[in-house]
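Following: one structure in structure tokens, then a few remarks.
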Amino acid sequence: MNTKKNYQPNIVVIGGGTGSFTLLSGLKRYTGNITALVNMADDGGNTGELRDDLGVLPPGDVRQCLVALSDTARARDLFNYRFDEGRLQGSSFGNLFLSAVEKMTNSFEEAIELASEVLRITGRVIPLTLDDAKLVAKTKGGLEVHGQHKLCTIRLDTLKPDLSFEKPVHIHDPARQAIEHADIVVISPGNLNGSLGPAMIVEGVGEALEKTKAKVVCVANLVTKPGQTDSFTVQDHVSELERFAGVEMIDYVIYNTDEPTKHMREKYVRDGEYMLEFDLDALEHAPYRAIGLPLIDKSIITYDKNDKIAHVRSLIRHNSDRVAREVMKIYFS
């Protein structure tokens with residue numbers, strides 16, 4: 001019989017894109033029992049083109065999670081490869097693979113299963129929903145924005161928009177079961193309105209988070225997003241997640257106390273982004289336990305020049321190993 005000391009905890013990560021990629025890359029070093037639950041509202045870049053042209057579910061964030069969990073370097077490179085010329089310029093092979101299998105089998109789940117075999121992943125990747133999730137944001141100022149990519153690239157007239165979908169979007173049953181049976185649920189960093197919010201508002205996600213006996217951990221963002229989360233603090237980040245989910249479910253918050261390099265700071269201030277601030281006194285009295293650590297990955301991040309939406313991706317990342325080690329400490333505490 002396994003004891004807690006040698007047991008590999010069942011960890012579920014909710015999010016999508018770069019934030020989940022970073023967390024999964026670190027966590028797979030400590031446990032093979034990982035499930036990535038992926039936001040399915042993405043409609044930008046090559047993913048958006050495939051959604052529009054083929055009527056498939058968005059493959060991009062799913063591909064990133066699969067690659068993060070892969071144990072095969074050459075297969076990872078293949079799935080990340082973007083064509084640099086011709087009609088396929090900017091297209092990701094991994095996105096095309098997932099969409100081709102979905103069209104061939106009429107099953108996005110079969111596409112993920114086959115990709116998981118090719119990439120020899122540790123753990124599993126599950127879409128949060130199989131419904132067509134087209135995001136709508138409404139602000140108190142009367143602005144209405146349709147589409148995840150458009151929302152991520154504009155300045156809102158007010159903070160804290162109301163998020164919904166054009167049609168009802170329900171949680172995929174395997175995703176619900178994963179949350180309810182987890183030892184730890186980790187909400188990854190990510191775009192609050194464009195990635196995390198759309199995951200939290202899927203019908204059934206809040207209920208599953210409220211029902212689970214798992215410790216629910218939020219990894220707070222490093223920086224604010226101009227025109228969307230200006231002046232936000234760690235507490236504001238948590239508050240928004242719980243507002244979107246409709247339940248108070250956060251047990252732990254891991255947040256950054258480190259300062260970026262001079263080069264990073266100059267770049268982000270120039271773009272109107274600032275470090276997410278925190279109030280120690282408020283965090284001490286919060287209903288969750290707040291853990292502050294130096295979490296910035298100081299290595300230089302670059303993107304493929306053929307990535308059509310590289311300009312909106314973050315160049316500041318969490319140190320994946322440091323966050324993963326803290327998640328493991330929370331489990332064993």
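- Checked by atom type, the side-chain pair Gln177/Asp173 shows a donor-acceptor distance below 3.5 Å.
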Take Asp183 and Lys215 through the salt bridge (charged side-chain N to carboxylate O under 4.0 Å, His left out) test and state the conclusion after the steps.
CA-CA 7 Å; Asp183 294 317; Lys215 298 175 180 178; over 6 Å; no
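- Within the 3.5 Å criterion, the main-chain N or O of Ala220 finds a donor-acceptor partner in the side chain of His318.
- Counting non-hydrogen atoms of other residues, nucleotides and ligands closer than 6.0 Å to CD of Glu166 gives a total above 12.
- Between the Lys138 side chain and the Ser164 main chain, no donor and acceptor come within less than 3.5 Å of each other.
- Nearest heavy atoms, Ile179 versus Thr212: O-OG1, 2.7 Å.
- Residues Val323 and Ile187 are members of separate hydrophobic clusters, defined by side-chain heavy-atom contacts under 4.5 angstrom among Ile, Leu, Val, Met, Phe, Trp and Tyr.
- Of the possible donor and acceptor atoms, none in the side chain of Ser99 sits under 3.5 Å from a partner among the backbone N and O of Leu96.
- Checked for salt-bridge contact, Lys140 and Asp162 miss the test: no charged N lies under 4.0 Å from a carboxylate O.
- Considering CD of Gln228 and CG of Asn193, their distance stands at 5.0 Å, rounded to 0.5 Å.
- The structure places SG of Cys65 at 13.5 Å from CZ of Arg124, a figure rounded to the nearest 0.5 Å.
- Here OG of Ser70 is found 12.0 Å from CG of Leu24. Values are rounded to the nearest 0.5 Å.
- Between Phe97 and Phe79, the two ring planes are tilted [angle within 30° to 60°].
- Salt bridge present: Arg176 and Glu180 bring a charged side-chain N and a carboxylate O closer than 4.0 Å.
- For the pair Asn39 (side chain) and Gly16 (backbone), a donor-acceptor distance under 3.5 Å is absent.
- In terms of hydrophobic clustering, with Ile, Leu, Val, Met, Phe, Trp and Tyr side chains grouped at heavy-atom distances under 4.5 Å, Val185 and Ile11 are assigned to different clusters.
- In this model, no donor atom of one side chain and acceptor atom of the other lie less than 3.5 Å apart for Thr224 and Asp230.
- The closest donor-acceptor contact from the side chain of Gln148 to the backbone of Leu135 lies at 3.5 Å or more, if one exists at all.
- Within 6.0 Å of CZ on Arg325 lie more than 12 heavy atoms contributed by other residues, nucleotides or ligands.
- Checked against the 6.0 Å centroid criterion, the rings of Phe278 and Tyr255 qualify as a close aromatic pair.
- Smallest separation of non-hydrogen atoms from Ser188 and Leu196: O-CD2, 3.3 Å.
- Side-chain atoms of Asp131 come within 3.5 Å of backbone atoms of His170 as a donor-acceptor pair (strictly under, hydrogens ignored).
- Atom CD of Glu326 is separated from atom CG of Asn319 by 12.0 Å, given to the nearest 0.5 angstrom.
- Defined by atom type and a distance below 3.5 Å, a donor-acceptor pair is missing between the side-chain atoms of Arg82 and Ser91.
- Between the side chain of Asn221 and the backbone N or O of Val223 there is no donor-acceptor pair closer than 3.5 Å.
- For the pair Thr229 (side chain) and Lys225 (backbone), a donor-acceptor distance under 3.5 Å is present.
- Listed for the Thr47 side chain is no donor-acceptor partner under 3.5 Å among the backbone atoms of Asp43.
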Show me, pair by pair, the donor-acceptor contacts under 3.5 angstrom made by side chains of residues 233-242, not counting sequence neighbours?
residue : atom : partner : partner atom : Å
Thr233  : OG1  : Gln235  : N            : 3.3
Thr233  : OG1  : Gln235  : OE1          : 3.4
Thr233  : OG1  : Asp236  : N            : 3.2
Thr233  : OG1  : Asp236  : OD2          : 3.1
Asp236  : OD2  : Thr233  : N            : 2.9
Glu240  : OE1  : Arg243  : NE           : 2.7
Glu240  : OE2  : Arg243  : NH2          : 2.8
Glu242  : OE2  : Met249  : N            : 3.0
Glu242  : OE2  : Ile250  : N            : 3.1

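- A distance of 9.5 Å separates CG of Leu69 from CZ of Phe21, quoted to the nearest 0.5 Å.
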Run the numbers on Ser320 and Asp297 for side-chain hydrogen bond (donor to acceptor under 3.5 Å, both in side chains), then give the verdict.
CA-CA 8 Å; Ser320 61; Asp297 184 345; over 6 Å; no
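- More than 12 heavy atoms of other residues, nucleotides or ligands lie within 6.0 Å of CZ in Arg29, so this atom counts as buried by the packing criterion.
- If you take CD1 on Ile184 and CE on Met328, they are separated by 7.5 Å, rounding to the nearest 0.5 Å.
- There is no side-chain donor-acceptor pair under 3.5 Å between Asp61 and Ser20.
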Would you give me the side-chain donor-acceptor pairs under 3.5 Å for residues 50-60, sequence neighbours excluded?
residue : atom : partner : partner atom : Å
Arg51   : NH1  : Ala41   : O            : 3.4
Arg51   : NH1  : Asp42   : O            : 2.9
Arg51   : NH2  : Asp132  : OD1          : 2.7
Arg51   : NH2  : Ala133  : O            : 3.3

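- Hydrophobic clustering of Ile, Leu, Val, Met, Phe, Trp and Tyr side chains at less than 4.5 Å, counting indirect connections, keeps Leu23 apart from Val216.
- The cluster map of Ile, Leu, Val, Met, Phe, Trp and Tyr, joined by side-chain heavy atoms under 4.5 Å apart, puts Phe244 and Leu156 in the same cluster.
- Between the Glu102 side chain and the Glu110 main chain, no donor and acceptor come within less than 3.5 Å of each other.
- When the side chains of ILVMFWY residues are joined at heavy-atom separations under 4.5 Å, either directly or via intervening members, Val12 and Phe332 end up in two distinct hydrophobic clusters.
- Remark: Asn33 engages Tyr7, Asn10, Thr31 in a side chain to side chain contact (heavy atoms under 4.5 Å, CB included) (not counting sequence neighbours).
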